[in-house]
**Student:** 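The structure that follows is given in the form of structure tokens.
In this text the structure is predicted, and so the values were computed from the model without any measurement. Every chain is numbered from 1, with letters handed out A, B, ... down the list of sequences.
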Amino acid sequence: MALRKLEGDPKAREEAVLALWAERDVFRRSLAERRGGPRYVFYEGPPTANGRPHIGHLLARLQKDLFPRYKTMRGFYVPRKAGWDCHGLPVELEVEKELGISTKAEIERYGVEAFVERCKASVQRYIGAWEAMIRRLGFWIDLEHPYVTYSDDYIETLWWELKEIHKGGLLYPGHKILPYCPRCGTSLSSHEVAQGYDRVADPSVYVRMPLAEDPQVSFLVWTTTPWTLPANVALAVHPRETYAEVDFEGERLILARGRVGAVLGEGARLLREFPGSELVGRRYLPLYPLAQGERAYTVVGAEFVSMEEGTGIVHIAPAFGEEDHELGKSQELPFLQPVDRAGRFTDAFPLARGEFVKDADPKIIADLKARGRLFRAETIEHDYPFCWRCDTPLLYYAMESWFIATTRAKGEILAQAETIAWYPEHVGSGRFADFLASLRDWALSRDRYWGTPLPVWTCGSCGALEVVGSREELVARAADPDLARKVELHRPYIDRVELRCPCGGKMRRLPYVLDTWFDSGSMHTAQWHYPFENEDEFRASYPADFISEGLDQTRGWFYTLLVTGVLLHGKAPYRNVLVTGMGLDAQGQKMSKSRGNVLDPMPIVEAHGADAVRWYLASESAPWNERRYSEEGVRQARYGFLETVRNCHDFLTLYAGIDGFTPDTPVPAPAARPALDRWLLSRLGEAVEGVTAALDAYDPLGATRAISAFVDDLSNWYIRLSRPRFWGEGLTEDKLAAYGTLYEALRTLALLLAPFTPFLAEALWQSLRRDGDPDSVHLARWPDPPPRDPALGASMARVRAVASLALGARNLAKVKVRQPLPALHVLRRPGDEAVPGELWDLVKAEVNVREVALVDDLGPFRVPKVSPEFRVLGPRHGPKAPRIAAALARMDPAAVATALARDGRVSLPDEGVALLPDEVKVGWEPREGFALVEDRDGAVALDLRIDAELQAEGDLRELVHRLQLLRKEAGFAVTDRIELGYAGDLGELFLRFGDRIRDEVLAVRLEAGPLDGADHGAELAVHGRTGRVWLKRVGG
RNA sequence: GGGUCUGUAGCUCAGGUGGUUAGAGCGCACGCCUGAUAAGCGUGAGGUCCCUGGUUCGACUCCAGGCAGGCCCA
């Protein structure tokens, strides 16, 4: 094995790693080699295959890769089956767009069979885009054997599930007011509705409903949906609230007393008040007398009437509101439906016949105004639900639907929800718990084409009903068993299968398909085609240890997964959920296809590499925080972190190549190595422990911080200080210790990075691994932490602080580090005795001083400095203050300071006063020839007295530095030997330090005068000495 | 309207059982260093820790109310 530099271009490096993984079949082996070990169960939440992936998808995707990789390295067997959510309205919508159509009638005309085939093709296309992204980013999941929700096997499991649910008595048909999209022609589930709320301006309309018995008096009624007024059949009041009849600008109105001020303001005069119950049973004159019957247009009592908004008198249209519908049933009100399935008024309402209801609002308002029934019309901003895919305003509409009675299993669902650990915790205890608390029955059926068919057949003769739970059952009951054996379990094919009813009649399938959330929410079972196959797999993988998806899945997949899991298996289907935050654009807006502000990750990946994107996502913030994505962040991850890691590695390879060091070269035992090495190994132990603990706690941010801190110490302290150790000739013990330490650090770092930046980790590993090591880092075991040495860590921290202070002092004095100085005096602190001399030597080298001395007193290096405190002096001494100040300035500052400290006062004999401590500022200034720096980390005095020898040494270092730059300029390799020619005043330095110059710049010969055939030359000036040098490569 | 999260430097974000002088990275200025680095080091500028009130000897931290943004719900 040979250490070799890493490919610097991320794209090329990562593509090579992808090829290596493919060639060595690493992902499959990472599973195979762990089979039989403890299982860590992961469930893939299937992406909806109806759109291209964007950067917002990557955050959850990263968690779904990172933790399985980590657990694999910890010895777990972590199978990961990919999955695709293929059914549903979104897919149909894509196809409609392709075809340029938009209604169900058009689909029927086009042909359901052809339409459904196009849905399949569309899904395939998007799956391809997702697979490409997943592969390129190094997200390991089994794409060869995914679960696909539209496959017959998957559907068969769903049928089995529904039959089980039906057996439990929890599947039922009902009529309910449901949110309904008139464009899509189907009702929506509550979690779909939740996706589509938007703030809009709607009419806010008050109308008069005159009492039948006294048309001079009107009920005042408020609504934001004027189009529902034609369907009005009753008014509702709260029987136990107080109502009032008022005079308002000469008109008599009835409304809730508590709403008078808010609705009418100051101008209303109270005529009388009475309980709402008194109004119940009164009749009123309808706006549009479309309803028939004894109970039409009467006032009824209802507890739900709110006193928070409106007038406290609610207009009731049973066709358009859930509460209205319930009330209509209990009060035996007539049912009026003047709107068709497309959301247009029927002939029953001629005024706006054929118009979409929302568009008819202005016409209705104008009509009411013309007839004197409009009291007031305004607009109001509120949130209204729109179809989450096509943006059509939803209507609440009385529909037939099939339901799962989740409310009947609520207790069990809540109990099982308690067993789930959420990251962050508040999602589980907050929004998820809230949602479960207001659980409603699951409206499961959809009036559409591309979906799992509802397996319910009914008999045309006797009305009997059959739920089919498998293909075998279907064949057994089918009128044409051959057809049933072969038929694809999709519309329109499945609709051709008729069953034989025991009554002798024919049974036909109800034409519904399922809510796609039932598809994805059932993956825990259906991905295995259980119970028809794979019983062992199913049992071994229920429940999941880990799932991770975006926050928006709280009421989506997290919910449906739980419900189906509890109903079918009596147990929560997952133990740990890591919730990721939503992706926002640079303006802080949610990224979504409909807003058109999505950021395509692939160009960024191509430019900076998948690792940079992955590290950026993992290290920027906690996973559950929402993110503002920017390419700049990815750039920083690349240059600020990944490049540093690469350079640390390449530093090792550079010198390892020169010295012939290999991973198998024997090195001294850790205990026998210098303190700097032992310190780094201790830091490495700290890093391994930190990363491990963080990942065990589902805290990837904490893990990346521990890694970053270690890399910083490695690069900017360990390697920085160790460089000279690599420069000498031959493999000394010290050099071997440095190689061994650096090697160990990088090798362990590769392991720690493997879950986060799998490509770079692999590239490192391929360079660093020993014979006998696994041939991929992803087949290796997670590292055990090297032992820690806290005392050494504390010593190093102290020494680094001192070096920092000393460099600060140099800065202050404006003396370059290249110029050696005689001494650094360090004010002693408790514990300094325990700091090894080796570490103080590091300070010597870093600060470039001949000596580091601990002192107990900075007195010798500084002198007191006193000055008057005019703020205090002025008020106390008035006009004498300037004379006092002048007198103070004439005195010996040291004497003043001493007196103040000793006596608490200092006498000024000339002025006849004594100054108190608060009247004199006492500071310090460095004694001539010293620089002082003091802060909470300590205090140092830097001796700046440069003698001739130090000066010469400084000049030498300056000269060597210049020569090194020239070598670099000339393009020589680090190991090239050269000849050097020189002329001018500089000659003195060459004569005096010839040997050292030769060593430092690898010169085999020094020549006074020009060199023939020199490769490079330059004028130089070092401290007033000028001259010229020539460089020539030897034997090149 | 309700729930929940977020609000800390120009930007992206840490942090703190309530306690001297609130941090990092990036960016900026000046200086340094550089025989690994598109790097590094030092210094500096840059902060009402969203606002108001309360509790407290002491609040950026705890409590209450509000404001702004995100998500979820109605």
**Student:** B:G1 pairs with which nucleotide, Watson-Crick or G-U wobble, both distances below 3.5 Å?
**Tutor:** B:C73
**Student:** Which part of the nucleic acid, if any, lies within reach of A:Ala622 when heavy atoms closer than 4.0 Å are counted: base, sugar-phosphate only, or nothing?
**Tutor:**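 The residue A:Ala622 makes sugar-phosphate contact but no base contact.
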**Student:** Whole Å only: how far is the CG atom of A:Leu721 from the P atom of B:A39?
**Tutor:** 21 Å
**Student:** Just name whichever nucleotide pairs with B:C30, Watson-Crick or G-U, keeping both distances under 3.5 Å, else none.
**Tutor:**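 When the pairing criteria are applied, B:G42 turns out to be the nucleotide that pairs with B:C30.
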**Student:** Counting only Watson-Crick pairs (N1-N3 plus N6-O4 or O6-N4) and G-U wobbles (N1-O2, O6-N3), all under 3.5 Å, who is the partner of B:U61?
**Tutor:** none
**Student:** If pairing requires Watson-Crick or G-U wobble contacts with both distances under 3.5 Å, which nucleotide is the partner of B:U56?
**Tutor:** none
**Student:** When the C1' atoms of B:C72 and B:G10 are compared, how many Å lie between them, rounded to an integer?
**Tutor:** 33 Å
**Student:** Can you list everything that forms a side chain to side chain contact (heavy atoms under 4.5 Å, CB included) with A:Glu979? Sequence neighbours excluded, please.
**Tutor:**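 For A:Glu979 the side chain to side chain contact (heavy atoms under 4.5 Å, CB included) partners, ignoring immediate neighbours, are A:Val1004, A:Arg1005, A:Leu1011, A:Lys1032, A:Val1034.
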**Student:** Look at the side chain of A:Ser715 and the base of B:A36, then say whether one donor and one acceptor between them are separated by less than 3.5 Å.
**Tutor:**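 Answer is yes: a donor-acceptor pair is held.
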**Student:** Across all strands shown, which nucleotide pairs with B:G35 by Watson-Crick or G-U wobble geometry, both distances under 3.5 Å?
**Tutor:** none
**Student:** At less than 4.0 Å, is any side-chain N or O atom of A:Ser621 found next to OP1 or OP2 of B:A14? Yes or no.
**Tutor:**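 For B:A14, OP1/OP2 do have a side-chain N/O of A:Ser621 under 4.0 Å.
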**Student:** Across all strands shown, which nucleotide pairs with B:U48 by Watson-Crick or G-U wobble geometry, both distances under 3.5 Å?
**Tutor:** none
**Student:** So do A:Val577 and A:Phe558 actually touch side chain to side chain, heavy atoms under 4.5 Å?
**Tutor:**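 Result yes, sub-4.5 Å side-chain heavy-atom pair found.
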**Student:** Can you sort out the partners of A:Arg725 under salt bridge (Lys or Arg N to Asp or Glu O under 4.0 Å), two or more places apart, ordered by chain and number?
**Tutor:**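 Partners of A:Arg725 under the salt bridge (Lys or Arg N to Asp or Glu O under 4.0 Å) test: A:Asp677, A:Asp734.
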**Student:** Can you tell me, in whole Å, how much space there is between the C1' of B:A22 and that of B:G47?
**Tutor:**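 It works out to 9 Å between them.
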**Student:** Where do N or O atoms of nucleotides 31-35 of chain B meet protein N or O atoms at under 3.5 Å, pair by pair?
**Tutor:**
from	atom 1	to	atom 2	distance (Å)
B:U34	OP2	A:Arg818	NH1	2.2
B:G35	O2'	A:Tyr655	OH	3.4
B:G35	N7	A:Gln964	NE2	3.2
B:G35	O6	A:Glu1000	O	3.3
B:G35	O6	A:Glu1000	OE1	2.8
B:G35	N1	A:Glu1000	O	3.2

**Student:** Work out how far the P atom of B:A24 is from that of B:A9, and round it to whole angstrom.
**Tutor:**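 Approximately 13 Å lies between the P atom of B:A24 and that of B:A9.
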**Student:** Just by distance, do the side chain of A:Arg810 and the backbone of A:Asn848 share a donor-acceptor pair under 3.5 Å?
**Tutor:**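 Yes; at least one donor-acceptor contact below 3.5 Å.
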**Student:** Nearest-nucleotide wise, let me know which of A:Thr554 and A:Ala809 is further upstream toward the 5' end of RNA chain B.
**Tutor:**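 Nearer the 5' end of the strand: A:Ala809.
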**Student:** Test of understanding: with salt bridge (Lys or Arg N to Asp or Glu O under 4.0 Å), list the residues that count as partners of A:Arg967, not counting sequence neighbours.
**Tutor:** none
**Student:** How far does the C1' atom of B:G25 sit from the matching atom of B:C51, given to the nearest Å?
**Tutor:** 29 Å
**Student:** What parts of residues 642-653 of chain A reach RNA chain B, counting only heavy atoms under 4.0 Å away?
**Tutor:**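 Only A:Asn647, A:Cys648, A:Phe651 qualify.
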**Student:** A:Asp9 CG to B:U37 C1': how many Å, rounded?
**Tutor:**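 Roughly 17 Å, once rounded to whole Å.
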**Student:** If I take atom CH2 in residue A:Trp422 and atom C1' in nucleotide B:U4, what distance separates them, rounded to the nearest angstrom?
**Tutor:**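 Atom-to-atom, A:Trp422 to B:U4, this comes out as 13 Å.
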**Student:** How far does the P atom of B:G18 sit from the matching atom of B:U56, given to the nearest Å?
**Tutor:**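 Pairwise P distance, B:G18 against B:U56, rounds to 16 Å.
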**Student:** Between P on B:G25 and CG on A:Leu701, what's the gap in Å once rounded to a whole number?
**Tutor:**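 Going from CG in A:Leu701 over to P in B:G25 covers 16 Å.
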**Student:** Measure the distance from CG on A:Leu932 to C1' on B:G42 and round it to the nearest whole Å.
**Tutor:**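 Taking CG of A:Leu932 and C1' of B:G42, I get 17 Å after rounding.
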**Student:** Got a salt bridge between A:Arg962 and A:Glu958, using NZ or NE/NH1/NH2 to carboxylate O under 4.0 Å?
**Tutor:**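 Salt bridge: yes.
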**Student:** If we take the P atom in both B:C11 and B:A74, what is their distance in whole Å?
**Tutor:**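 Roughly 36 Å separates the two P atoms.
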**Student:** What's the CG-P distance between A:Asp712 and B:G40, to the nearest Å?
**Tutor:**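 About 9 Å, once rounded to whole Å.
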**Student:** For A:Thr223, check side chain to side chain donor-acceptor pair (under 3.5 Å) against everything at least two apart and list the hits.
**Tutor:** A:Thr225
**Student:** Holding to salt bridge (Lys or Arg N to Asp or Glu O under 4.0 Å), I want the full list of residues that pass it with A:Lys5, two or more places apart in sequence or in another chain.
**Tutor:**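 If we apply the salt bridge (Lys or Arg N to Asp or Glu O under 4.0 Å) test to A:Lys5, skipping adjacent residues, there are no hits.
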**Student:** In Watson-Crick or G-U wobble terms, both distances under 3.5 Å, what is the partner of B:A24?
**Tutor:**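 Here B:A24 is engaged in a pair, and the nucleotide opposite it is B:U12.
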**Student:** Could you tell me how far apart A:Phe641 (CZ) and B:U37 (C1') are, to the nearest whole angstrom?
**Tutor:**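 Rounded to the whole Å, the gap is 14 Å.
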**Student:** Could you tell me how far apart A:Trp624 (CH2) and B:C71 (C1') are, to the nearest whole angstrom?
**Tutor:** 16 Å
**Student:** If we take the C1' atom in both B:U48 and B:G7, what is their distance in whole Å?
**Tutor:**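 Pairwise C1' distance, B:U48 against B:G7, rounds to 14 Å.
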**Student:** Any side-chain heavy atom of A:Thr407 within less than 4.5 Å of one from A:Trp442?
**Tutor:**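 A:Thr407 vs A:Trp442: side chains apart.
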**Student:** List in chain and number order the residues that pass side chain to side chain contact (heavy atoms under 4.5 Å, CB included) with A:Ser204, two or more places apart in sequence or in another chain; answer none if no residue qualifies.
**Tutor:**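 Side chain to side chain contact (heavy atoms under 4.5 Å, CB included) list for A:Ser204, sorted by chain: A:Tyr206, A:Trp222, A:Glu378, A:Ile380.
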**Student:** For B:G18, which nucleotide in any strand shown is its Watson-Crick or wobble partner with both distances under 3.5 Å?
**Tutor:** none
**Student:** Taking for each residue the nucleotide of RNA chain B with the nearest heavy atom, is it A:Lys5 or A:Tyr616 whose nucleotide lies nearer the 5' end?
**Tutor:** A:Tyr616
**Student:** Please list, for nucleotides 28-30 of chain B, all pairs of protein and nucleotide N/O atoms separated by less than 3.5 Å.
**Tutor:**
none

**Student:** For A:Asp650, check salt bridge (Lys or Arg N to Asp or Glu O under 4.0 Å) against everything at least two apart and list the hits.
**Tutor:** A:Arg646
**Student:** With sequence neighbours left out, what residues match A:Asp995 under side chain to side chain donor-acceptor pair (under 3.5 Å)?
**Tutor:** A:Arg998
**Student:** Checking A:Phe432 now: which residues fulfil ring-ring contact (aromatic ring centres under 6.0 Å, His included) with it, not counting sequence neighbours?
**Tutor:**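 Result, ring-ring contact (aromatic ring centres under 6.0 Å, His included) vs A:Phe432: A:Trp422.
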**Student:** Within less than 4.0 Å of OP1 or OP2 of B:U37, is there a side-chain N or O belonging to A:Asn716?
**Tutor:**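 For A:Asn716, the contact criterion (side-chain N or O under 4.0 Å from OP1 or OP2 of B:U37) is not met.
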**Student:** When you check the side-chain N and O atoms of A:Tyr739 and A:Asp659, is any donor under 3.5 Å from an acceptor?
**Tutor:** yes
**Student:** Write down the distance separating the C1' atoms in B:U52 and B:C13, rounded off to the nearest Å.
**Tutor:** 27 Å
**Student:** When you measure from the side chain of A:Ile719, which nucleotide among B:C26, B:C71, B:A36 comes out closest?
**Tutor:** B:A36
